[in-house]
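Everything on this sheet refers to the single structure shown next.
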Amino acid sequence: MYQAPRGTADVLPADQPYWQHVIRTAERLCARYGYQRIDTPTFEDAGVFIHGTGESSDIVQREMYLFEDRDGGHTYALRPEFTPNVMRAYLEHGLFNLPQPVKLWTVGPAFRHERPQAGRWRQFYQLDLEAIGEADPAIDFELIDFLWQFYTGLGLRGLTVLLNSIGDQNCRPQYVQLLRSYYADKLDLACKDDRARFEKNPLRLLDCKVSSCQPIIAGAPTIAEHLCEPCADHFARVQHYLAALDIRFVVQPRLVRGLDYYTRTVFEFVPADAGSQGTIGAGGRYDGLMEVLGGDPTPGIGFATGIERIVLNLKKAGIEPPPLPVPEVYVAYPTEEQRDQAVLLTARLRHAGIGALGATGGRSLKAQMRHAGRAAARFAYIVGSGPGESWLRDLPASSQEAVEPDDLIDRLPQRAE
RNA sequence: GUGGGUGUAGCUUAGCGGUUAAAGCGCCAGGUUGUGGCCCUGGAGAUCGAGGGUUCGAUCCCCUCCAUCCACCCCA
């Protein structure tokens with residue numbers, strides 16, 4: 001027997017209310033915040049991610065799905081994240097000619113070859129928002145505010161925003177220099193990974209989880225203390241807006257994030273009782289990314305949030321999604337004599353905009369009625385053999401009255417939309 | 001990539017070194033020949049993850065593999 005590939009999952013009908021609730025809530029908010037939908041391919045030229053996401057990131061180094069196209073010469077990558085994907089589309093289609101910022105959102109699967117565990121998948125769905133072409137910290141605030149509204153609107157409580165600024169091209173090199181010289185004489189105390197980070201990506205030293213490295217990190221200079229004036233102002237304004245609206249954030253000086261392109265504002269949303277896969281949404285500013293991908297210098301900021309992790313947290317919190325619509329009426333037939341009439345009546349109901357389910361197969365009327373009940377239909381309609389023999393039964397009310405087939409459509413509520 | 005746990009019907013589980021592997025839910029059918037939900041009865045459905053080994057005999061013991069879960073790591 002075949003089974004779904006490791007780290008992938010089927011979202012069965014039983015789970016769809018959660019998924020649709022999450023995605024529809026996002027859709028409504030995107031409209032309210034002025035984000036327009038974009039859909040991009042699930043695979044791209046590998047270079048988009050190698051250069052965009054960054055060569056030194058774990059995602060590119062060991063998690064990306066790569067494949068050669070059959071015609072040779074092209075190496076593609078299944079998208080491990082959305083940002084470079086969306087940036088490529090922005091450049092390719094000249095969206096810089098639109099009024100800036102260009103605010104886009106998308107939802108779909110992303111792929112990373114990781115060892116699966118709770119809330120971690122090889123194919124996982126992300127909701128992604130990007131605001132391109134604006135450096136104002138108001139946009140940083142806007143995105144964090146969006147996520148806060150989104151999660152709280154879904155009913156999640158006890159969230160915290162982890163916030164930091166990792167500087168820009170002006171101040172970060174100097175800070176990295178400082179960090180390097182701090183670490184230089186402590187490397188023999190640090191873990192093996194840290195020695196590699198020291199060379200390739202020193203900022204990530206601050207993110208090391210090895211317990212023996214924690215004392216070293218604790219004594220390290222923090223980037224917040226070494227931001228240049230513009231970066232410090234930018235960061236202060238973001239915090240000012242957040243505080244004014246009572247969004248619960250904590251400045252975490254050692255939050256650096258794993259993607260190479262981030263500048264200035266970075267943030268993560270974590271639930272209160274989060275396990276190891278606690279981050280449900282995260283993002284940051286990427287003012288240097290567009291140049292890396294061959295465009296003109298263009299500021300930008302975005303975030304991604306994992307649908308599976310949101311659903312996980314909704315279930316953990318006991319939050320019930322709104323139920324999906326049920327069929328209005330179930331059309332049953334007592335004997336074979338009425339079968340054809342029932343089939344055609346079911347079709348006519350549907351054409352009239354009424355959600356209808358038709359009995360099939362040679363089941364007994366009792367079995368058909370059981371079906372109607374299990375399908376949670378509002379009404380059952382029993383096609384009779386003559387005038388006065390057909391019944392419209394109100395299932396929840398357990399009452400019924402005689403209704404002729406020709407009158408049925410007028411007696412049933414039409415579905416909105 | 002590293003470490004640990006677990007693998008019995010669709011789901012949740014029970015079970016024991018030895019005749020036809022059990023229950024609840026779900027599914028199908030019936031409960032006096034045209035009607036659901038409760039209740040009752042019956043039925044279908046499991047090569048007990050796969051392969052090898054120990055044994056007179058293994059679902060139960062051992063090994064390998066696979067899958068899955070959890071943690072590390074990474075991140076959504």
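Just so we're on the same page: letters track the sequence lines, and every chain starts at 1.
- Not counting sequence neighbours, the partners of A/Y241 by the side-chain contact (heavy atoms from CB on, under 4.5 Å) test are A/A138, A/F141, A/R237.
- Within the 3.5 Å criterion, the main-chain N or O of A/G119 finds a donor-acceptor partner in the side chain of A/R309.
- At least one side-chain heavy atom of A/D394 sits less than 4.5 Å from a side-chain heavy atom of A/R378.
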Pairs under 3.5 angstrom, nitrogen or oxygen only, protein versus nucleotides 4-7 of chain B, please.
none

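- Both tests hold for A/R180 against A/F198: distance to the six-membered ring centre under 6.0 Å, angle to the ring axis within 45°.
- For A/E404 (side chain) and A/D406 (main-chain N/O), no donor-acceptor pair under 3.5 Å exists by modelled atom type.
- Using C1' as the reference atom, B/A29 and B/U12 are 25 Å apart when rounded to the nearest Å.
- In the set B/C73, B/A76, B/G36, B/A76 carries the atom at the smallest distance from any side-chain atom of A/F124.
- The two residues A/Y65 and A/R112 have their closest heavy-atom pair at CE1-C, 3.6 Å.
- A donor-acceptor contact shorter than 3.5 Å links the side chain of A/S181 to the backbone of A/L178.
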So which protein nitrogen or oxygen atoms get under 3.5 Å of nucleotides 31-33 of chain B's nitrogens or oxygens?
unit_1, atom_1, unit_2, atom_2, d
B/G31, N7, A/K366, NZ, 3.3

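- We find that CZ of A/R62 is positioned 11 Å from P of B/C73, with the value rounded to whole Å.
- Put simply, the side chain of A/E268 and the base of B/A76 share no donor and acceptor less than 3.5 Å apart.
- Ring planes of A/H74 and A/Y76: parallel class, angle under 30° (limits at 30 and 60°).
- Remark: A/R339 engages A/E336 in a salt bridge, criterion side-chain N to carboxylate O under 4.0 Å.
- A straight line from CG of A/L314 to C1' of B/A76 spans 14 Å, rounded to a whole angstrom.
- Listed by chain and residue number, nothing satisfies the side chain to side chain donor-acceptor pair (under 3.5 Å) test with A/R363 (two or more places apart in sequence, or in another chain).
- For the pair A/D15 and A/K315, the salt-bridge criterion is met [side-chain N within less than 4.0 Å of a carboxylate O].
- Candidate nucleotides B/C73, B/A29, B/C75 were compared by shortest atom distance to the side chain of A/R204, and B/C75 ranks first.
- By the side chain to side chain donor-acceptor pair (under 3.5 Å) test, A/R172 pairs with no residue at all, sequence neighbours left out.
- Within residues 373-393 of chain A, the residues that place at least one heavy atom under 4.0 Å from RNA chain B are, in residue-number order, A/R374, A/I382, A/S385, A/E389, A/W391, A/R393.
- As rounded to the nearest Å, B/U8 and B/U13 have P atoms that lie 9 Å from one another.
- In terms of phosphate contacts, A/Q117 brings a side-chain nitrogen or oxygen within less than 4.0 Å of OP1 or OP2 of B/A71.
- Among the atoms of the strands shown, none is found under 4.0 Å from any heavy atom of A/A110.
- Between A/W19 and A/Y125, the ring centre distance stays below 6.0 Å.
- Going from atom OG1 of A/T40 over to atom CZ of A/R88 covers 7.0 Å, rounded to the nearest 0.5 Å.
- Considering only the side chain of A/Q400, B/U35 comes nearest among B/U35, B/A76, B/C75.
- One interatomic measurement links the two molecules: CE of A/M64 to P of B/C74, which rounds to 19 Å at whole-angstrom precision.
- Rounded to a whole Å, the CZ atom of A/R363 is 11 Å from the P atom of B/C27.
- Taking atom C1' in both B/G30 and B/G34, one finds a spacing of 16 Å when rounded to whole Å.
- The backbone N or O of A/G300 lies less than 3.5 Å from a partner atom in the side chain of A/D287, making a donor-acceptor pair.
- Between the A/T305 side chain and the A/I280 main chain, a donor and an acceptor come within less than 3.5 Å of each other.
- With both ends at atom C1', the span from B/G24 to B/C65 equals 34 Å, rounded to whole Å.
- The side chain of A/R370 contributes an N or O atom lying less than 4.0 Å from OP1 or OP2 of B/A29.
- Taking 4.0 angstrom as the limit, A/H371 places a side-chain polar atom (N or O) nearer than this to OP1 or OP2 of B/C28.
- Comparing B/U19 with B/C63, their C1' atoms are spaced 30 Å from each other, to the whole Å.
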Using atom types as modelled, flag every donor-acceptor pair under 3.5 Å from a side chain in residues 219-227 of chain A to any protein atom, sequence neighbours excluded.
unit_1, atom_1, unit_2, atom_2, d
A/T222, OG1, A/E225, OE1, 3.4
A/E225, OE1, A/T222, N, 3.4
A/H226, ND1, A/T222, O, 3.0

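- Classification of the A/F146-A/Y33 ring pair by plane angle, with boundaries at 30° and 60°, yields perpendicular.
- Taking the P atoms as reference points, B/C73 lies 39 Å from B/C16, given to the whole Å.
- A sub-4.0 Å separation between OP1 or OP2 of B/U68 and a side-chain N or O of A/R6 is present.
- Of the residues in residues 52-60 of chain A, A/D58 come within less than 4.0 Å of RNA chain B through at least one heavy atom, sorted by number.
- Of all nucleotides listed (B/A29, B/G37, B/C74), B/C74 comes nearest to the side chain of A/R120.
- Across all strands shown, A/A372 has no heavy atoms under 4.0 Å from either base or sugar-phosphate atoms.
- Sorted by first and then second residue, the salt bridge (charged side-chain N to carboxylate O under 4.0 Å, His left out) pairs involving residues 346-362 of chain A (not counting sequence neighbours) form an empty list.
- A/F82 pairs by the ring pair (Phe, Tyr, Trp, His ring centres under 6.0 Å) definition with nothing, not counting sequence neighbours.
- Rounded to whole Å, the separation between the P atoms of B/G57 and B/A67 comes to 32 Å.
- Taking a pair as Watson-Crick or G-U wobble with both distances under 3.5 Å, RNA chain B forms stems of 3 or more consecutive pairs at B:1-7 with B:66-72, B:10-13 with B:22-25, B:27-31 with B:39-43, B:49-53 with B:61-65.
- Taking the C1' atom of each, B/G45 and B/A21 are spaced 14 Å apart, rounded to whole Å.
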When you compare the protein's N or O atoms with those of nucleotides 43-51 of chain B, which come within less than 3.5 Å of each other, and at what distance?
none

